[in-house]
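Positions are given from 1 along the sequence.
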Amino acid sequence: MSLIIDESMFGKPLRVSGTIYLEDASEDEDTGSTDTGTTTGDQDTEDQGTGDQDSGELDTDGSGTDTDSQNETPETDDVDTGETGDAENDGNTEVIGYAKLRTMMNIRDKNSLDSEIVTIYKKDTFVPILQYCSNSWVRIICEEADCGYAYVCNTDNVYLIIGKSIYTVQKGDTIKSIAADLLGDEERYTEIKSLNEFSSNVIAEGQVLLIPEV
């Protein structure tokens with residue numbers, strides 16, 4: 001900084017020409033600005049973390065649906081069939097037919113959607129039938145039930161494929177030979193094909209087939 005003094009100015013206000021660098025003031029201002037920004041950013045981060053924690057309470061697939069509820073079969077639970085009360089049971093203990101499940105199904109202790117689920121059977125499971133109930137339900141042999149039987153819904157015949165018996169394909173069998181042996185007419189192979197919802201006549205050893213009424 002340069003300072004010029006004019007002697008004629010003694011006793012009068014002094015004007016100084018020059019530049020003052022306020023480095024300390026700039027540092028203080030910058031520091032304050034930085035501190036404020038950091039605090040706000042940390043707070044925002046913590047708030048976002050809390051939000052993530054809340055969303056983490058959803059199940060792992062992010063659907064917001066309880067995982068256990070996914071095990072219940074939606075195809076039956078939205079159908080209003082059956083009423084809470086005693087299970088329909090005619091006392092029969094002999095197998096009168098077989099059913100193949102078209103989809104995964106809840107197996108219940110009564111013929112009602114309000115009843116308890118005993119177990120869940122996978123698609124294509126074969127089950128022995130004991131009784132056809134009046135409200136489209138079927139009473140079946142169920143090893144998982146304490147009483148030895150349980151119920152499965154078949155509203156509008158949508159969920160089960162039902163036949164009179166079952167047969168396990170042996171080596172050398174054809175669909176026509178099975179029809180001839182079990183139904184007395186090889187031309188009835190079309191009934192076996194239709195009942196099992198086959199698109200071709202090809203069958204494999206060990207395959208289980210539903211067989212229609214003789």
Side-chain angles (χ1 to χ4, degrees), residues 57-171 173 175 178 182 191-199 203-214:
E57 293 176 0
L58 300 176
D59 60 313
T60 54
D61 67 3
S63 64
T65 304
D66 183 73
T67 304
D68 293 340
S69 67
Q70 293 178 3
N71 290 331
E72 297 185 6
T73 51
E75 77 287 342
T76 61
D77 288 352
D78 61 1
V79 179
D80 186 16
T81 59
E83 298 178 356
T84 303
D86 294 335
E88 187 173 342
N89 184 355
D90 61 6
N92 177 56
T93 58
E94 299 295 327
V95 175
I96 60 174
Y98 288 84
K100 180 181 178 181
L101 277 59
R102 282 195 171 102
T103 183
M104 184 176 71
M105 297 290 287
N106 291 330
I107 308 301
R108 299 179 181 269
D109 64 351
K110 298 178 183 179
N111 52 310
S112 167
L113 294 179
D114 296 327
S115 60
E116 295 295 326
I117 297 174
V118 175
T119 187
I120 297 173
Y121 285 165
K122 294 180 180 179
K123 178 183 178 181
D124 295 333
T125 300
F126 287 86
V127 292
I129 298 173
L130 298 175
Q131 178 184 355
Y132 299 102
C133 299
S134 60
N135 59 352
S136 299
W137 286 67
V138 178
R139 185 166 65 93
I140 63 173
I141 292 177
C142 177
E143 295 180 356
E144 292 83 357
D146 293 338
C147 61
Y149 61 83
Y151 298 79
V152 61
C153 182
N154 192 33
T155 302
D156 298 327
N157 295 317
V158 171
Y159 309 116
L160 309 178
I161 307 172
I162 295 175
K164 181 63 176 178
S165 61
I166 56 175
Y167 176 78
T168 302
V169 177
Q170 306 297 311
K171 184 177 181 179
D173 281 342
I175 195 168
I178 293 172
L182 300 182
E191 297 177 38
I192 297 176
K193 180 179 175 180
S194 176
L195 179 63
N196 289 274
E197 300 181 340
F198 290 165
S199 58
I203 56 176
E205 183 179 358
Q207 187 174 5
V208 180
L209 307 178
L210 284 169
I211 304 300
E213 291 274 0
V214 177

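To the nearest 0.5 Å, atom CD1 of residue Ile129 and atom CD1 of residue Ile140 are 8.5 Å apart. With values rounded to the nearest 0.5 angstrom, Ser136 atom OG is found 7.0 Å from Asn157 atom CG. Atoms CD1 and CD1, from Ile96 and Ile162 in turn, are 9.0 Å apart once rounded to the nearest 0.5 Å. Rounding to the nearest 0.5 Å places NZ of Lys123 at 11.5 Å from CE of Met104. Here CG of Leu182 is found 9.0 Å from CG of Leu209. Values are rounded to the nearest 0.5 Å.
The side-chain heavy atoms of Ile203 and Asn196, taken from C-beta on, include no pair separated by under 4.5 Å. When side chains are defined from C-beta on, Ile178 counts as touching Ile211, because their heavy atoms get closer than 4.5 Å. Considering only heavy atoms from C-beta on, Thr93 stays 4.5 Å or farther from Leu130 through its side chain. When side chains are defined from C-beta on, Val214 does not count as touching Lys164, because their heavy atoms never get closer than 4.5 Å. Between Asp173 and Glu205, every side-chain heavy-atom pair lies at or beyond the 4.5 Å cut-off. With a 4.5 Å cut-off on side-chain heavy atoms, Met105 and Tyr159 count as touching. Counting only heavy atoms from C-beta outward, the side chains of Lys193 and Leu195 never approach each other to under 4.5 Å. At a threshold of 4.5 Å between non-hydrogen side-chain atoms, the residues Asn154 and Tyr132 do not count as touching.
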### Task
May I have the step-by-step check of side chain to side chain contact (heavy atoms under 4.5 Å, CB included) for Ile175 and Phe198, ending in yes or no?
CA-CA 11 Å; Ile175 195 168; Phe198 290 165; 4.3 Å; yes

#### Entry: Test log, rule side chain to side chain contact (heavy atoms under 4.5 Å, CB included), inputs Arg108 and Asp114
CA-CA 9 Å; Arg108 299 179 181 269; Asp114 296 327; over 6 Å; no

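Of the residues Ile141, Leu101, Ile107, the one that meets the side-chain contact (heavy atoms from CB on, under 4.5 Å) test with Val127 is Leu101.
In this structure, Glu116 places its CD atom where only 12 or fewer heavy-atom neighbours from other residues, nucleotides or ligands lie under 6.0 Å away.
Checking side-chain atoms of Arg102 against main-chain N and O of Val158 turns up a donor-acceptor pair under 3.5 Å. Although no hydrogens or angles enter the test, the distance criterion places a donor-acceptor pair under 3.5 Å between the side chain of Gln131 and the main chain of Asp90. With hydrogens and angles ignored, the 3.5 Å screen pairs a side-chain donor or acceptor of Asn135 with a backbone N or O of Asn111.
Residue pairs satisfying the side chain to side chain donor-acceptor pair (under 3.5 Å) criterion with at least one member in residues 142-151, sequence neighbours excluded, are listed as follows: Asn89-Tyr149, Tyr121-Glu144.
Considering every non-hydrogen atom in both Ala87 and Asp109, the closest pair reads CB-O, 4.0 Å. Residue Phe126 comes nearest to Val208 through the heavy atom pair CZ-O, 3.5 Å, listed as atom of the first residue, atom of the second, then distance. Gly163 and Leu210 make their closest contact through N-CD2, 4.0 Å (heavy atoms, listed as atom of the first residue, atom of the second, distance). In this structure, Arg139 and Gly91 approach most closely via the heavy-atom pair NH2-N, 3.9 Å. Taking each heavy atom of Ser115 and Lys110 in turn, the nearest pair found is OG-O, 3.2 Å. Nearest approach of Val95 to Pro128, heavy atoms of both residues: CG2-CB, 3.9 Å.
Residues meeting the side chain to side chain donor-acceptor pair (under 3.5 Å) test with Asn92, sequence neighbours left out: none. Qualifying side chain to side chain donor-acceptor pair (under 3.5 Å) partners for Gln207, counting only residues two or more places apart in sequence or in other chains: none.
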